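The structure appears right after this line, and notes come after that.
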Amino acid sequence: MTATAARKKTAALAVGDKAPLFDVKFDSIKPVTKESLMGKHMVLYFYPKDDTPGCTIEAKDFRDHIKEFEKVGVVVIGVSKDSVKSHDAFRKKYCLPFPLASDESGETCENYGVWVEKSMYGKTYMGIERATFLIDKNGIIRNIWRKVKVEGHVQEVLAAAKEI
């Protein structure tokens with residue numbers, strides 16, 4: 001996908017839209033099926049890479065607030081292009097109590113518009129934009145956070161989750 005096409009997809013999803021279906025592999029610690037997600041509110045958060053500083057902080061913050069999400073009936077799922085094996089190690093290392101989805105093909109990232117052109121040190125490349133989607137039990141996107149700054153993000157998502 002070209003950078004221009006990725007930007008067009010990013011602009012395509014909006015609050016009130018039906019969330020794209022996703023077909024990904026989950027880490028092997030906690031099996032997740034499409035059926036097990038039906039009729040549940042969900043936080044789908046996309047992150048660039050397992051076991052990197054920002055991604056680790058974000059995952060641990062979701063971990064530390066998981067009981068509050070569960071209390072309001074919201075399932076948390078992390079998504080990156082890392083392998084199931086990488087997810088297993090990341091999840092075990094940080095005792096993450098929620099599933100991690102492996103989107104190695106990148107199809108889900110593209111469908112959610114988070115596979116975008118990035119720039120670092122003057123070099124451009126394609127990568128995952130840190131983004132979070134709050135999806136209600138009917139599959140409708142209730143909130144979207146793009147270009148997420150990790151600090152305070154989980155608390156903001158939790159506040160929104162309490163409102164659905």
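All figures in this text were calculated on a predicted structure; none of them were measured in a lab.
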Report whether [X] and [Y] are members of the same hydrophobic cluster (ILVMFWY, side-chain heavy atoms less than 4.5 Å apart, transitive linking).
X: Ile140; Y: Val43; result: no
X: Tyr94; Y: Phe62; result: yes
X: Val154; Y: Val72; result: yes

Atom pairs and distances, donor-acceptor, side-chain atoms in residues 73-80, under 3.5 Å, two or more places apart:
from  : atom 1 : to    : atom 2 : distance (Å)
Ser80 : OG     : Asp82 : N      : 3.1
Ser80 : OG     : Asp82 : OD2    : 2.9

Handout entry: Those residues that, when tested against Glu68, pass side chain to side chain contact (heavy atoms under 4.5 Å, CB included) (two or more places apart)
Key =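 Glu68 satisfies side chain to side chain contact (heavy atoms under 4.5 Å, CB included) with His65, Leu158, Lys162 once adjacent residues are dropped.
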Problem - Non-neighbouring partners of Thr124 that pass side chain to side chain contact (heavy atoms under 4.5 Å, CB included), sequence neighbours left out - result: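 Listed in chain order: Glu117, Ser119.
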For a quick test of reading the model, state the closest non-hydrogen atom pair linking [X] to [Y] and the distance between them.
X: Leu96; Y: Ala59; value: CD2-O, 3.7 Å
X: Ala101; Y: Val24; value: CB-CG2, 3.4 Å
X: Cys55; Y: Phe90; value: O-CZ, 4.0 Å
X: Val15; Y: Ile144; value: N-CD1, 3.9 Å
X: Ile66; Y: Pro97; value: CG2-CG, 3.6 Å

Find the distance between [atom1] ([X]) and [atom2] ([Y]) and round it off to the nearest 0.5 Å.
X: Asn138; Y: Lys18; atom1: CG; atom2: NZ; result: 6.5 Å
X: Trp115; Y: Lys81; atom1: CH2; atom2: NZ; result: 3.5 Å
X: Arg63; Y: Lys67; atom1: CZ; atom2: NZ; result: 12.5 Å
X: Lys25; Y: Ser105; atom1: NZ; atom2: OG; result: 9.0 Å
X: Thr108; Y: Asp103; atom1: OG1; atom2: CG; result: 4.0 Å
X: Ile135; Y: Asp17; atom1: CD1; atom2: CG; result: 11.0 Å

A side-chain contact here means heavy atoms from C-beta on lying under 4.5 Å apart; do [X] and [Y] qualify?
X: Val114; Y: Arg146; result: yes
X: Lys137; Y: Lys40; result: no
X: Phe46; Y: Val148; result: no

Handout entry: Test side chain to side chain contact (heavy atoms under 4.5 Å, CB included) applied to Cys109 and Ile128, step by step
Key = CA-CA 7 Å; Cys109 289; Ile128 295 176; 3.7 Å; yes
Exercise for the section: Sequence neighbours left out, what passes salt bridge (Lys or Arg N to Asp or Glu O under 4.0 Å) with Asp50? Give chain and number order. Expected result: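 Residues passing salt bridge (Lys or Arg N to Asp or Glu O under 4.0 Å) with Asp50: none at all.
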Exercise for the section: With sequence neighbours excluded, tell me which residues meet salt bridge (Lys or Arg N to Asp or Glu O under 4.0 Å) with Asp136. Expected result: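 Per chain and number, Asp136 pairs via salt bridge (Lys or Arg N to Asp or Glu O under 4.0 Å) with Arg142.
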Exercise for the section: Evaluate whether atom CD of Glu107 has more than 12 neighbouring non-hydrogen atoms of other residues, nucleotides or ligands under 6.0 angstrom away. Expected result: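 No.
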Handout entry: Any residue meeting side chain to side chain donor-acceptor pair (under 3.5 Å) with Lys93, in chain and number order, not counting sequence neighbours
Key =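 Asp51.
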Practice task
Mind checking side chain to side chain donor-acceptor pair (under 3.5 Å) for Lys118 and listing every partner two or more places apart, or none if nothing turns up?
Solution key: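 For Lys118, no residue satisfies side chain to side chain donor-acceptor pair (under 3.5 Å) once neighbours in sequence are set aside.
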Practice task
Measure from the side-chain N and O atoms of Thr52 to the backbone N and O of Lys49, and report whether any donor-acceptor pair falls under 3.5 Å.
Solution key: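 Flag set: sc Thr52 to bb Lys49 pair under 3.5 Å.
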Exercise for the section: Starting from the C-alpha separation in whole Å, work towards a yes-or-no answer on ring pair (Phe, Tyr, Trp, His ring centres under 6.0 Å) for Phe98 and Phe69. Expected result: CA-CA 11 Å; Phe98 51 84; Phe69 281 101; 9.0 Å; no
Handout entry: Residue list, ring pair (Phe, Tyr, Trp, His ring centres under 6.0 Å) with Tyr47, at least two apart or on another chain
Key =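 Tyr47: ring pair (Phe, Tyr, Trp, His ring centres under 6.0 Å) contacts with Tyr45.
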Practice task
Can you sort out the partners of His153 under ring pair (Phe, Tyr, Trp, His ring centres under 6.0 Å), two or more places apart, ordered by chain and number?
Solution key: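 Listed in chain order: Trp145.
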Practice task
Starting from Tyr121, walk the hydrophobic network (Ile, Leu, Val, Met, Phe, Trp, Tyr; side-chain heavy atoms closer than 4.5 Å) and list everyone else you reach, by chain and number.
Solution key: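 Traced through the cluster, Tyr121 reaches Met120, Tyr125.
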Practice task
Apply side chain to side chain contact (heavy atoms under 4.5 Å, CB included) to the pair Leu100 and Phe26, showing each step before the final yes or no.
Solution key: CA-CA 6 Å; Leu100 299 176; Phe26 286 92; over 6 Å; no
Handout entry: Pairs touching residues 52-62 that satisfy salt bridge (Lys or Arg N to Asp or Glu O under 4.0 Å), sequence neighbours left out
Key =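 Counting only pairs at least two positions apart or across chains, the salt bridge (Lys or Arg N to Asp or Glu O under 4.0 Å) contacts touching residues 52-62 are Glu58-Arg130.
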